[in-house]
Amino acid sequence: EFGVGRLSALHYATAEAPGGWRTTVTRRESGGRLTLRGTLAERPFQASAKAGASSDGMSDPVYPYVLEVSVGGNSLRGCAFDKRDRPAEN
C-alpha cells in the first residue's frame, strides 16, 4: 500500500512492515503516467502508475491502474486504485 497526498508526501507499507515509512517524493506526470521518486528507508524508490485494467490474479476485482514499484533495486508490479474509488468485491 502506498499513499500520496497533494504535498508529495508518501507512506509505503508492506505486510512485513505495516507501520511502513514516510518520505517526501518528487512527482512527475507525463504521457498518462504518474511517477514518484525519492528515497525510502535509505534506498532509492520509484513508483509509476498508469491507467489500465489490472487484476491481481488472486481476487475478482479489476483495478483501474497498473503500478510498478522499485525499492533499492527490488521491483514489484501490481494493481492500484484511488482509495476514494475502491473497487467492490464481486
Side-chain angles (χ1 to χ4, degrees):
E1 170 183 313
F2 79 95
V4 181
R6 290 184 181 254
L7 299 177
S8 296
L10 178 107
H11 177 240
Y12 180 85
T14 65
E16 296 80 19
W21 302 268
R22 294 188 188 281
T23 190
T24 302
V25 293
T26 60
R27 179 183 176 122
R28 180 174 182 216
E29 294 181 53
S30 176
R33 179 182 298 266
L34 170 64
T35 302
L36 308 171
R37 288 190 178 106
T39 302
L40 190 64
E42 300 180 17
R43 297 175 290 173
F45 171 88
Q46 178 173 307
S48 294
K50 67 178 179 178
S54 180
S55 173
D56 62 15
M58 299 180 293
S59 59
D60 291 335
V62 174
Y63 297 89
Y65 300 99
V66 176
L67 179 69
E68 296 173 353
V69 176
S70 174
V71 180
N74 297 316
S75 296
L76 303 167
R77 181 178 158 92
C79 305
F81 62 91
D82 184 322
K83 30 187 209 186
R84 297 171 294 192
D85 301 319
R86 185 180 188 115
E89 293 284 335
N90 292 335

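Shown here are the side chain to side chain contact (heavy atoms under 4.5 Å, CB included) partners of Glu29, two or more places apart in sequence or in another chain: Arg27, Leu34. For the side chain to side chain contact (heavy atoms under 4.5 Å, CB included) test, residues two or more places apart in sequence or in another chain that qualify with Ala17 are Thr14, Trp21. Remark: Arg37 pairs with Thr26, Thr35, Gln46 by the side chain to side chain contact (heavy atoms under 4.5 Å, CB included) rule, at least two apart or across chains. Every residue meeting the side chain to side chain contact (heavy atoms under 4.5 Å, CB included) condition with Arg28, not counting sequence neighbours, appears here in chain and number order: Ser30.
Both Phe45 and Leu76 are members of a single hydrophobic cluster when ILVMFWY side chains are connected at heavy-atom separations under 4.5 Å.
Taking every heavy atom of both residues into account, Leu67 and Ala80 meet most closely at CB-CB, 4.0 Å. Among all heavy-atom pairs drawn from Gly78 and Ser54, the shortest one is O-OG, 3.8 Å. Taking both residues in full, the closest heavy atoms of Arg33 and Ser48 are given as NH1-CB, 3.5 Å, listed atom of the first, atom of the second, then distance.
Not a single donor-acceptor pair under 3.5 Å links the side chain of Thr23 to the backbone N or O of Leu10.
Note on residues 65-76: pairs passing side-chain hydrogen bond (donor to acceptor under 3.5 Å, both in side chains), not counting sequence neighbours, are Glu68-Arg77.
Residue Arg22 qualifies as open at atom CZ: its count of foreign heavy atoms under 6.0 Å is 12 or below.
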